[in-house]
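Accompanying notes for the structure given below.
Sequence lines set the chain letters: A, B, ... in the order given, protein chains first and strands last, and positions in each chain run from 1.
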Amino acid sequence: MMSFVLSIIRRDLLLVMRYPAEMVNPLVFFVLVVALFPMGVSPEAKLLSQAAAGVVWVAALLATLLSLDILFKADFADGSLEQLLLAPQPVWALVLAKVVVHWLVSGLPLVLLSPVVATMLFLPTEAMPALLLSLLVGTPTLSLFGAVGAALVTGVKTGGMLISLLVLPLYIPVLLFGTGAVAAAAQGMPVAGYLAYLGAMLVFALMVTPWAAATALKIGQMQG
Amino acid sequence: MSWFDNWHLPKWFYQMASPKWFFDFGARLQPWFAALALLFIVCGLVWGLLYAPADYQQGNSFRIMYVHVPAAILSQSIFLMMGVTGAIGLIWKMKVAFMVARACTLVGASFTALALITGAIWGKPTWGAYWVWDARLTSTLIMLFLYTGVMALNQAIADRSVAGRATAILAIIGSINIPVIKYSVEWWNTLHQASTFTLTAKPSMPPEMYMPLLFMVLGCYCLCAWLVVQGTRNEILDQERQASWVARYLEDQ
Amino acid sequence: MYFTSFEQLISMDGHGFYVWFCYACFVLLVAGNIWAAKHRQQRLVKQIKSQLRR
């Protein structure tokens with residue numbers, strides 16, 4: 001089982017390396033959305049530093065959403081998903097492997113890039129660790145819930161828009177606790193509680209979503 | 001798992017799985033639901049509008065509570081119902097359960113919209129603005145988003161049985177997320193607005209104020225039961241139109 | 001009866017518009033839902049009957 005998961009991860013990472021645009025595009029989108037806010041609202045430092053956490057988190061949410069489409073779509077299109085579903089290994093292991101790859105390719109770079117864009121928005125330096133940590137714990141949850149949405153729309157032709165309708169409401173608690181952690185840190189209050197909530201949500205998502213996405217993939221296969 | 005093998009569900013549970021049985025049984029239930037709904041809602045409306053005393057803080061605008069609170073309760077109950085029937089459908093492979101869930105979507109979404117509209121209108125005399133990011137209103141808005149997601153997925157998949165299964169998964173994930181969403185929104189709200197008074201948080205309401213509410217809640221539950229049974233029966237007719245019992249049933253009509 | 005006159009019931013001390021608008025929404029929504037369910041049933045019955053005749 002472990003070797004199955006690892007081999008899927010290795011294969012998908014290799015595929016991403018071959019087409020790095022799939023990995024870079026969401027990151028460019030992330031920076032672009034963040035850059036739109038000072039232009040659209042105001043370049044004033046005071047206003048931006050207050051909105052920074054929310055803007056970075058919302059941009060991260062949208063960038064994750066944008067990259068969800070690739071989770072199963074390519075494998076569905078060339079038929080390899082069908083083969084993988086017929087494999088003796090459980091489907092949830094496949095989902096887990098896909099989610100790990102998705103997070104390594106989209107979530108982790110977002111986390112690493114976030115200090116840069118947060119600086120552009122004048123986020124107070126004392127809130128920076130909280131932003132990094134909350135994104136680090138929060139983005140895997142986004143990938144996990146996103147996998148359910150992506151699995152549900154694999155067979156649907158107009159999947160791109162639909163996926164955001166299905167997944168965004170489920171992202172709201174992560175957004176609230178993530179921005180809450182940064183706001184607390186900016187006021188010099190402890191953030192451990194917020195991170196604990198985010199961690200609890202991650203554990204909860206880990207328990208529920210691989211099963212749900214696996215079932216959704218099997219159902220999508222019936223559509224044929 | 002020996003306990004599971006020896007564990008028998010009641011007979012009606014398996015009968016429910018038969019579309020024909022549900023169609024007939026539902027037809028027998030419907031008059032009861034209709035009568036109870038009419039009784040409770042008329043009593044609740046008249047009592048709430050004409051006889052209940054005005055609230056000492058909000059005056060007469062608190063009477064909006066008698067439509068807002070039942071709608072808000074139902075929006076959550078019906079979503080939960082969708083999750084439960086979806087799970088039943090997936091576990092026991094019951095077509096009828098998916099039909100019930102499908103019948104729930106529009107009823108639930110319209111009650112969620114009602115809760116949102118009445119909440120916004122109630123906000124005007126209470127807070128002076130049609131929209132305030134109050135915890136209850138915000139989580140109702142998120143509920144509406146969850147419903148639209150389910151409806152969009154239902155629309156996007158042409159095959160009814162595939163759509164039923166797919167929305168069942170979404171409804172299950174959504175239902176278990178409702179408490180998380182509610183908790184996070186409430187917590188977020190207290191963080192940002194320390195001292196707004198919520199619409200219906202009253203430590204103690206006198207009986208002449210909460211009895212009409214009880215009637216309205218019960219009445220709306222019966223009404224929704226009627227609507228969901230009717231919707232399910234429509235769905236059965238639609239999907240079982242090839243069955244011979246449908247032809248026999250229609251001959252008698 | 002809480003209200004002493006009909007005008008008072010309509011105006012509700014200035015909150016009449018809000019209260020009556022909400023109740024109107026409730027009635028409309030309930031009626032709409034019932035009508036939609038019944039209408040769909042009639043349409044289905046008609047549709048299936050014409051299919052059976054063929």
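- Annotation for Ala166(B) and Leu152(A): closest pair O-CD2, 3.4 Å, computed over non-hydrogen atoms.
- Listed here is the closest heavy atom pair of Leu146(B) and Pro169(A): CD2-CB, 3.7 Å.
- Within the structure, every pair that satisfies the ring pair (Phe, Tyr, Trp, His ring centres under 6.0 Å) test and touches residues 147-181 of chain B, not counting sequence neighbours, is listed here: Phe79(B)-Tyr147(B).
- Here the closest heavy-atom approach between residue Ile173(B) and residue Ala212(A) is recorded as CD1-CB, 3.7 Å.
- Around the CZ atom of Phe25(B), the shell of radius 6.0 Å holds no more than 12 heavy atoms that belong to other residues, nucleotides or ligands.
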**OP:** Verify side-chain contact (heavy atoms from CB on, under 4.5 Å) between Phe145(B) and Leu165(A), making sure each step is shown before the conclusion.
**Re:** CA-CA 7 Å; Phe145(B) 289 145; Leu165(A) 288 185; over 6 Å; no
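- If you measure heavy-atom distances from Leu141(B) to chain A, you find no contacts under 4.5 Å at all.
- If you measure heavy-atom distances from Tyr171(A) to chain B, you find no contacts under 4.5 Å at all.
- At a 4.5 Å heavy-atom cutoff, the contact between Ile169(B) and chain A is made by side-chain atoms alone.
- Side-chain contact between Leu176(A) and Tyr183(B) is absent, with no heavy-atom pair separated by less than 4.5 Å.
- Between Ala156(B) and Leu162(A), the shortest heavy-atom contact is CB-CD2, 3.6 Å.
- Aromatic pair Phe177(A)/Trp188(B): ring centres not closer than 6.0 Å.
- Using cut-offs of 30° and 60° on the angle between ring planes, the pair Trp187(B) and Tyr194(A) is perpendicular.
- How far CD1 of Ile172(A) is from CD1 of Ile142(B): 3.5 Å, rounded to the nearest 0.5 Å.
- Using a 4.5 Å cut-off between heavy atoms, Met161(A) makes no contact with chain B at all.
- The environment of Lys73(A) atom NZ is dense: over 12 non-hydrogen atoms of other residues, nucleotides or ligands sit within 6.0 angstrom.
- Evaluated for a side-chain contact (heavy atoms from CB on, under 4.5 Å) with Leu166(A), the options Thr167(B), Thr148(B), Leu153(B) yield exactly one hit, Leu153(B).
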